[in-house]
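First comes the structure, then the notes that go with it.
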Amino acid sequence: MMMSSSSSSGGGGGGGAFRLRWDVFLSFRGEDTRECFTKKLYESLHKQGVRAFMDDEGLDRGDHIATTLLEAIDDSAASIVIISPNYADSHWCLDELNRICDLERLIIPVFYKVDPSHVRKQLGPFQDGFNYLEKRFANEKDKILKWRDSMLKIGGLAGFVFNSSDDDDGEHDNLIRRLVKRVLKELSNTPMVVSEFAVGINERVEKVMDLLQLQSNNVKVLGLYGMGGVGKTTLAKALFNSLVGRFKRRCFISNVRQFASKDDGLVSIQNNIIKDLSSQEGTRSFISDVKAGISTIKRIVRENRVLLVLDDVDHVNQLDALIGKREWFHEGSCIIITTRDTTVLPEKHVNELYEVTELYPEEAWKNELRRLEEWEDVLEKLRTIRPGNLHDVLKISYDGLEEQEKCIFLDIACFFVQMGMKRDDVIDVLRGCGFRGEIATTVLVEKCLIKVREDNTLWMHDQIRDMGRQIVLDENHVDPGMRSRLWDRAEIMSVLKSKKGTRCIQGIVLDFKERSTAQPQAEKYDQVTLDTKSFEPMVNLRLLQIDNLSLEGKFLPDELKWLQWRGCPLECIHLNTLPRELAVLDLSNGEKIKSLWGLKSHKVPETLMVMNLSDCYQLAAIPDLSWCLGLEKINLVNCINLTRIHESIGSLTTLLNLNLTRCENLIELPSDVSGLKHLESLILSECSKLKALPENIGMLKSLKTLAADKTAIVKLPESIFRLTKLERLVLDSCLYLRRLPNCIGKLCSLLELSLNHSGLQELHNTVGFLKSLEKLSLIGCKSLTLMPDSIGNLESLTELLASNSGIKELPSTIGSLSYLRILSVGDCKLLNKLPDSFKNLASIIELKLDGTSIRYLPDQIGELKQLRKLEIGNCCNLESLPESIGQLASLTTLNIVNGNIRELPASIGLLENLVTLTLNQCKMLKQLPASVGNLKSLCHLMMMGTAMSDLPESFGMLSRLRTLRMAKNPDLVSKYAENTDSFVIPSSFCNLTLLSELDACAWRLSGKIPDEFEKLSLLKTLNLGQNNFHSLPSSLKGLSILKELSLPNCTELISLPSLPSSLIMLNADNCYALETIHDMSNLESLEELKLTNCKKLIDIPGLECLKSLRRLYLSGCNACSSKVCKRLSKVVLRNFQNLSMPGTKLPEWLSRETVSFSKRKNLELTSVVIGVIFSIKQNNMKNQMSGVVDVQAKVLKLGEEIFSTSLYIGGVPRTDDQHIYLRRCNNYHPLVSALKDSDTVCVAKRNPPFDERLELKKCGVHLIFEGDDDYEGDEESLDKGLQSVSERLARFFKTCDEGADAAESKDDKGQHELEEEKEEVETRLLGAKGNSILVFLLNLFFVLLGWFWLRCMSSAERKD
């Protein structure tokens, strides 16, 4: 599991009293787990008072993930990610996973019938899904890579693995109990003060410490800001505790706001600071006025390196009096200020900012609330009314607002936040009400009462929102009709039905599309119709949402300013019946609306500012809008039947924003748009039939944004040069656009020009006149081969993106781009060199040259002092790096994946800020320079598939290394093994104490692994496969958080020592010399045990205690199969999903080959058990596979196949012997869910097979229903027909073992008699020196006699 600190844009860690809106977000694949697992988990969390978010929409999504889901993720303290076999088939699931990983909060993975290693590597069930997505999103490689990174990250986290092939409620309940327990622990263990229970505080402190960079010896003044009660003080205390040892002079001042408000309060605080920061010797004088205090503080902090914390500052004059100027402080000093008002933190005082968004419960809750019932009581109380002290803390900022700001705050808290409205839309509504919306929202952001997310939606914390709502509830606790705002559906319906509305009501939000499990009574309102007469008494009603319902009557109150009626059931809207003061009309999602009438009437609201008709799919035309004299915004997104818009739109002088995105049948725009003198934004994205822009578009003097991407336009009008205020021009994927007009350079205000994947063939020289241009994007312009020299004149350019284009060379003038920060020319296959002038790119921080044909990096690259990220992977012609690369002091990421680099320069050790170094598949790289040990900041080193055979002794100096992946290609290692010495781990290697992942597969490690390995105590994943060591140290047990241990193909490994109890997966496949394993009874969390082809292994002690075991692979383990059979108890077999081992028989109660499914009354099918007897011919080892994939289970309906699935058998036995394989498919498996009444299940070999060597000897199927395998008591005395499936399996294996012992004894006895008789005859003949021919004939006779004896015994055994 992963706990990460909050960043400046998000919270982190677990929940608490001051939590985000949701405690837990559930990410899952609906078809896999919704009904069988996730819904039960959701209900269990809900019963425990945990606020879990579960998406009920299932597959009803478009191409993009719903905004509400992203908001829910952002507003969740933690996420439970349920990775199931089909999870990666859904790009929505992967988008969710990206967002979850990006936030770096608590993630609890559940590997639901999947192998975590398959998740990390996107193998197994995920491989086909990613192959499909790569084809579908072929032009979005970055998205695919990000999905893969997220899968890698989630697969590397420790979580809960559910691989039971028994789908009974007991196993699900057990997992759910563990999950709920874990979540409750995270929610409850977060007190306000710094203590051992402050979950996530260490990670957050580490984040801020990285921000401070105290090693730089500069003066750091850090401002911690956030809403009241957010935990700023907790973090400040934790930081103080972490830093206190570094400073001899330190001071922590609490409650500055409270003390400063008193008489002489500032003087009192000054005296405390002087007292704490003064030396211990000498007399300290008492300060009596502020000026004297400032002088004294100045003298002290100038002479001494100090640590000073000022908690809860609320006015900048307090900082003037307490810290003066930043320049006063001695180098290396650190000042930390907490505040809820960002205006208190001006640049003259503060040089670092950090937003604190994580909220903790009060410490008293942790001490006093012990029982679950107490938690439930408090949670319920918090939902209705906040405790007084908490309410008062939160209300401080609210009380400091002006009256209009208070009104706006309540509107946001009661309405707009829960609706997920964007900031601009909220401001429109507030402006319509006559409020100063822009100023007010800015004030609320500064006061940390609201936050604007990246997608521009407003966000408010639950506790802040509930505080605002409580203020409204306090207006009248008895009569909702006497309150100013109504948001509760039941209360609203009561007021409307009984006509109890009053002049007090200012706003109502009512949405009948939303369903709430907390409001089951909502179902009876499904077909509700409201009478407009119910609104007549509400003469002050400003805001009204009535989504997805019907209205009867003619008029709503004229005072109404905002009407949102999404899902309006009418086909025609008579706008002359709208309230006369209406400012914002939202009729989006009106799927039945075909036309708008009545717009020529003088009764049309003259104040109408915004008209939203998005997603009105039937809307075919826009009528005359000339009477709408104040209209500023028209939204027609997704009006797919719209072919034209009325000419009157071209004359709307007040119009600011016209959005026609995805009006895919729109053919043309009004020919005359000269009246749109104030239009600022024209969005025509994905109007795929639009071929031309109006010729007089140049008359749009105020236009700032023009987006015409994915249209059919062939050229831009010549008049475009008149758009002197245009800032953003987007023409992506305009395939018919070959060139831009010569006058393009006259767009003097243009900041962004985007032509990605367009048909552009030439970029005219005049582009160089775009002096304000900051971003030029030419990604995927395959027909564009040259950039004009005038590019060098773009003096404001910060981003030049031309990856995957046809560019052959960069202009020499590029060095003139002194402000360029990002240069991306990756995958420009024809680009083979950089111009000499690129050394002048003094501001560049990111350089992407991956996939180009460059042959060398010029020495001048060392002059790019600001460069942080350099990507030169897949540059097949690049064989060396210049020594000057060591001069890149700011470099944090260096990627040389799949390169032909032969060596790294020694100067690479000078990259003291390098965090990530990627050398994967650099097959020519044979060694690392000794200087690599100087990379003090290196955290992640990836060098898989290189030619390295040794590590420098200095390697152990990489003290911050967390990830080390240096696996080699086993095939290449075997090929060149004769020329390669054995590898010995350097003694310094064990100094890498922060290492959490180590992959050293195929490094020819030999002998004994050193005992010091236990120093790597933070290891979670360890892969030592394909090596030559014969033993592991006993100290391995000390790796207390190790989750995965991989040792496949360690052919000289003789024994396994005691292993850590944290282990979840152990892979020792093909360890041919392995003889003994230490008692495994302590591995209660072990879920997968792979020992395929460990032919010398004689026993697996402790196997019977592995209660969590799901997968057991013992193919080819003939020597231990007898003892293993005795250890396969009912407890172990109840949870199994996959089991393979030597065997020739199937349980007799498995139906042979096929079984017909008949639905049973009141009994659900819980799982299907499939058994096969198979063998692998050893005559062809060329196509050796990692597992058997050719066994298929099929579902037939009336003899026709309707579903099939492969039954993967991990590990291929390297013997001709027969093996038994049992697979339990639980009810979440597609095989089970596909079964309908009268369907047939059968097992067959894939046709054609991947591996011709597979022979399927026998197969059988058994259906398990409720009650067949849920009895946990002793079944010794029960008849076979009453025994559980697990008990019958255990007895089957015990019987197989007894039969094997008897047959073995009988065979041994007969063979022994033959050998004795043969030896006696041969002795007599040799003693007599008989004829050699006779001796030969006698030998042949006894061979034939032995063969005949074995045939007879085998025949007798079959008869038995």
Side-chain angles (χ1 to χ4, degrees), residues 2-14 16 18 20 77 102-106 190-247 250-254 256 305-313 319 323 326 329 331-342 344-347 349-360 448 451 461 868 892 913 915 936-937 939 960 962 994:
M2 178 178 68
M3 177 81 74
S4 293
S5 62
S6 65
S7 69
S8 60
S9 60
F18 297 88
L20 298 166
D102 285 346
L103 290 177
E104 295 188 339
R105 299 178 187 168
L106 175 65
T190 50
M192 273 291 288
V193 298
V194 181
S195 74
E196 60 180 316
F197 302 108
V199 174
I201 194 68
N202 293 333
E203 291 83 356
R204 193 159 40 258
V205 167
E206 183 177 346
K207 186 85 172 183
V208 178
M209 294 286 277
D210 288 342
L211 183 67
L212 289 173
Q213 293 183 341
L214 295 179
Q215 66 273 17
S216 67
N217 220 29
N218 295 325
V219 176
K220 292 291 183 178
V221 183
L222 170 68
L224 301 178
Y225 67 97
M227 66 182 112
V230 75
K232 300 182 296 295
T233 302
T234 303
L235 180 54
K237 288 181 178 179
L239 286 168
F240 185 82
N241 290 345
S242 298
L243 295 170
V244 71
R246 305 186 186 188
F247 295 87
R250 59 255 185 179
C251 176
F252 191 112
I253 303 294
S254 301
V256 172
R305 184 170 167 270
V306 302
L307 170 63
L308 174 61
V309 179
L310 302 175
D311 179 45
D312 196 14
V313 175
L319 296 185
I323 66 172
R326 192 165 66 234
F329 284 79
E331 61 181 18
S333 292
C334 179
I335 303 94
I336 299 172
I337 303 159
T338 75
T339 183
R340 64 185 67 191
D341 188 346
T342 55
V344 173
L345 304 171
E347 289 186 7
H349 289 308
V350 179
N351 55 9
E352 296 290 349
L353 290 173
Y354 184 86
E355 182 180 5
V356 185
T357 58
E358 177 62 24
L359 300 175
Y360 294 103
C448 298
K451 180 179 177 180
H461 207 281
R868 297 177 191 171
T892 61
N913 288 307
V915 175
K936 302 302 183 184
S937 299
C939 293
R960 298 193 67 179
R962 289 171 168 79
L994 295 182

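- Every residue meeting the side chain to side chain contact (heavy atoms under 4.5 Å, CB included) condition with C448, not counting sequence neighbours, appears here in chain and number order: Y225, M227.
- Taking the side chain to side chain donor-acceptor pair (under 3.5 Å) definition, one finds that T338 meets it with D311, sequence neighbours left out.
- Annotation for F247 and C334: closest pair CZ-CB, 4.0 Å, computed over non-hydrogen atoms.
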Side chain to side chain contact (heavy atoms under 4.5 Å, CB included) between T342 and L353, intermediate numbers included: CA-CA 9 Å; T342 55; L353 290 173; over 6 Å; no
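- Closest approach of G223 and L345 over heavy atoms only: CA-CD1, 4.0 Å.
- Annotation for I323 and L308: closest pair CG2-CD2, 3.7 Å, computed over non-hydrogen atoms.
- Side chain of N351 to main chain of V219: a donor-acceptor pair is present (N/O by atom type, distance under 3.5 Å, no hydrogens or angles).
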Pair M209-L243, side chain to side chain contact (heavy atoms under 4.5 Å, CB included): steps then yes or no: CA-CA 9 Å; M209 294 286 277; L243 295 170; 3.5 Å; yes
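- Scored by the side chain to side chain donor-acceptor pair (under 3.5 Å) test, D102 finds K146 as partners (sequence neighbours excluded).
- For K232 (side chain) and G226 (main-chain N/O), a donor-acceptor pair under 3.5 Å exists by modelled atom type.
- Taking 4.5 Å as the limit, every side-chain heavy atom of F240 sits out of range of all side-chain heavy atoms of I336.
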T233 and D312: CA distance, side-chain angles, deciding distance, side chain to side chain contact (heavy atoms under 4.5 Å, CB included) verdict: CA-CA 8 Å; T233 302; D312 196 14; 5.8 Å; no
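- Looking at residues two or more places apart in sequence or on another chain, you find a side chain to side chain contact (heavy atoms under 4.5 Å, CB included) between V915 and T892, C939, H940.
- Residues K220 and L211 approach most closely at NZ-O, 4.5 Å, considering heavy atoms.
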Steps toward side chain to side chain contact (heavy atoms under 4.5 Å, CB included) verdict (F329, V221): CA-CA 10 Å; F329 284 79; V221 183; 5.9 Å; no
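- With rounding to the nearest 0.5 angstrom, the CD1 atom of I337 is 4.5 Å from the CG atom of L319.
- In this structure, the separation between CD on E331 and CZ on R305 is 9.5 Å, given to the nearest 0.5 Å.
- Counting non-hydrogen atoms of neighbouring residues, nucleotides and ligands closer than 6.0 angstrom, the CZ atom of R868 reaches no more than 12 such neighbours.
- Considering all non-hydrogen atoms of both residues, D341 and T339 come closest at N-OG1, 3.1 Å.
- Remark: R962 pairs with E206 by the salt bridge (charged side-chain N to carboxylate O under 4.0 Å, His left out) rule, at least two apart or across chains.
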